[in-house]
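Working notes for the structure below.
These numbers were taken from a predicted model, which means no experiment stands behind them.
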Amino acid sequence: MLKSVILIGGPQKGTRFRPLSFEVPKPLFPVAGVPMLQHHVEECAKVPNMKEILLIGFYQPNEELTRFMSSAQQEFKISIRYLQEYAALGTGGGIYHFRDQILSGGPEAFFIMNADVCSEFPLPEMLNFQKEHGESSSFVILGTTANRKQSMNYGCIVENQQTNEVLHYVEKPSTFVSDIINCGIYLFTPEIFQHIGAVFQKNQQDMLLDEQTNGNGWHRAEAIRLEQDIFTALAGQGKLYVYKTPAIWSQIKSAGSAIYASRLYLNQYHKTHPERLATNKEGGPRISGNVYIHPTANIDPTAVLGPNVSIGTGVTIGAGVRVRESIILHGATLQDHSCVLNCIVGWDSTIGKWARVEGTPSDPNPNDPYAKIDSETLFRDGELTPSITILGCNVTIPAEVIILNSIVLPYKDLNRSFKNQIIL
């Protein structure tokens, strides 16, 4: 029997995702028409013998999360539960805290995955790989190849090329270590908890010493990071292996990367969910490339959509509207002849007639097959870095203005054009 654990973080995390994470927890933000987490859940549910999916994070239980879990349980016929941490415990601390829940029912192995990755989730391949590598209790990290410069933004893995054993693991090194990076998807056996337990024990002793010497035992012994505390120590011990995937993979850290992830998933729908891709029909809008349209959206037949567009529930799109490389969230209205490029339009926002809302794509270099998306800093040299334009919820853009490379916080009524600004 198998289980899956998805680490969903909490409200203090996902800050680079604001203003979009104000309205909905980041793991439920729609990517390619469905909540980010649904891609994970769907792939987990396909694995034979998968009994349960556990979500671990420190969000207060909320309506959106509960609604997502009950609808996903019905759709995928699998038990899904949310386990709430009392504080942010790190990637290792959370699973250690709930180890009894994870091990109940006696799973032989379990997957751990971060919620903010976009992937094909080659879970069955990882299971087969585990059977063929090391003893039955070995652990597997999913890895992929990055380019030399970008690899330093991720956890880097040095492998034995014959056996795929992880010899050396460094999280975000300051100099080049390896071009194989950690994808944030792991396959563990229950034995991992002995290794995490040892770190927990050591942290507790350090804390006691610390209190005796400095009198400040503020850091929790339970806060444990899988990457820095566990993998670094396990590397080179014949316990940790890397399965390299050539398939799609990206992190979803910023709003710009959500549009890129949406593109990767929409492209994958040709194989996995062709029914989710819109087609050119008599009396429908003109579709170019991959487009997802929710059945409740109301779209004028003279609109042109695509490539890489996803349109949420109850969206209204007027005559002659052009949308490209964008996510339009539920209840938004794009009035006649407006133009939306490289943009995320927030819930219930309105864009006036002939208005142009445009951002700058933050895509990886298309000429480098190993390029990943850069997690851009918001500011560079004191200026706002040109990026995707984001409208928070209930933003109103008047007719005939241009909004360029800007971030507009929720509930704003704009009355003129803006360029390269954060409108508070």
Side-chain angles (χ1 to χ4, degrees), residues 19-20 22-24 29-34 255-256 258-263 266 276-281 283-361 387-419 421 423:
L20 301 167
F22 289 148
E23 303 311 310
V24 53
F29 184 80
V31 176
V34 300
I259 291 189
Y260 177 62
S262 198
R263 181 184 326 155
L266 285 172
R276 284 186 191 163
L277 292 170
T279 50
N280 282 299
K281 289 195 202 68
R286 191 164 112 227
I287 306 292
S288 86
N290 300 331
V291 176
Y292 166 85
I293 300 176
H294 194 274
T296 57
N298 180 7
I299 300 175
D300 188 281
T302 58
V304 181
L305 311 177
N308 184 21
V309 167
S310 71
I311 308 257
T313 44
V315 167
T316 306
I317 294 185
V321 170
R322 178 73 178 102
V323 185
R324 192 179 77 208
E325 296 283 341
S326 297
I327 296 174
I328 314 293
L329 297 164
H330 75 74
T333 302
L334 311 188
Q335 293 177 358
D336 299 359
H337 307 289
S338 54
C339 177
V340 175
L341 313 171
N342 303 305
C343 179
I344 295 179
V345 177
W347 301 269
D348 300 315
S349 288
T350 303
I351 296 180
K353 294 183 178 180
W354 296 99
R356 182 181 182 98
V357 180
E358 185 175 357
T360 302
S387 167
I388 298 292
T389 285
I390 304 168
L391 309 183
C393 69
N394 293 282
V395 166
T396 307
I397 306 284
E400 301 179 24
V401 300
I402 295 182
I403 307 293
L404 198 59
N405 300 341
S406 294
I407 296 173
V408 185
L409 267 69
Y411 303 102
K412 291 278 162 255
D413 275 358
L414 304 189
N415 51 11
R416 61 180 180 88
S417 296
F418 287 93
K419 180 177 162 192
Q421 286 195 39
I423 301 156

Check: Counting only N and O atoms by type, is there a donor-acceptor contact under 3.5 Å from the side chain of Ser326 to the main-chain atoms of Val309?
Finding: no
Next item on the list: Could you tell me the separation between the OG atom of Ser349 and the NE2 atom of His330, rounded to the nearest 0.5 Å?
Entry: 10.5 Å
Next item on the list: Taking the side chain as every heavy atom from C-beta outward, state whether Pro361 and Glu325 have any atom pair closer than 4.5 Å.
Entry: no
Notebook entry, point to check: From Ile397 CD1 over to Thr350 OG1, what is the distance, rounded to the nearest 0.5 angstrom?
Noted result: 9.5 Å
Next item on the list: Check whether the side chains of Asp413 and Thr396 place a donor and an acceptor atom closer than 3.5 Å, and report yes or no.
Entry: yes
Notebook entry, point to check: Does any non-hydrogen side-chain atom of Asn280 lie less than 4.5 Å from one of Arg286?
Noted result: yes
Note to self: Taking the side chain as everything from C-beta on, heavy atoms only, tell me whether Ile402 gets closer than 4.5 Å to Ser417.
What the structure shows: yes
Margin query: Could you tell me if the side chain of Pro285 sits less than 4.5 Å from the side chain of Ile317, heavy atoms only?
Written below: no
Margin query: Less than 4.5 Å apart, side chain to side chain, heavy atoms only: is that true for Val321 and Ile351?
Written below: no
Using residues 338-345 as the side-chain source, report each donor-acceptor pair under 3.5 Å to any protein atom, sequence neighbours left out, with the distance given to one decimal.
from	atom 1	to	atom 2	distance (Å)
Ser338	OG	Gln335	O	2.8
Asn342	ND2	Gly359	O	3.3

Notebook entry, point to check: Quick one: salt bridge (charged side-chain N to carboxylate O under 4.0 Å, His left out) partners of Arg276, sequence neighbours excluded?
Noted result: Glu42
Notebook entry, point to check: Is there a donor-acceptor pair under 3.5 Å between the side chain of Asn308 and the backbone N or O of Ile259?
Noted result: yes
Margin query: Measuring from atom CD1 of Ile311 to atom OG1 of Thr316, what distance do you get when rounded to the nearest 0.5 angstrom?
Written below: 10.5 Å
Notebook entry, point to check: Listed by chain and number, what are the side-chain hydrogen bond (donor to acceptor under 3.5 Å, both in side chains) partners of Thr302, not counting sequence neighbours?
Noted result: Asp300
Note to self: Among Leu20, Ile328, Thr313, Val395, which residue satisfies the side-chain contact (heavy atoms from CB on, under 4.5 Å) criterion with Trp347?
What the structure shows: Leu20
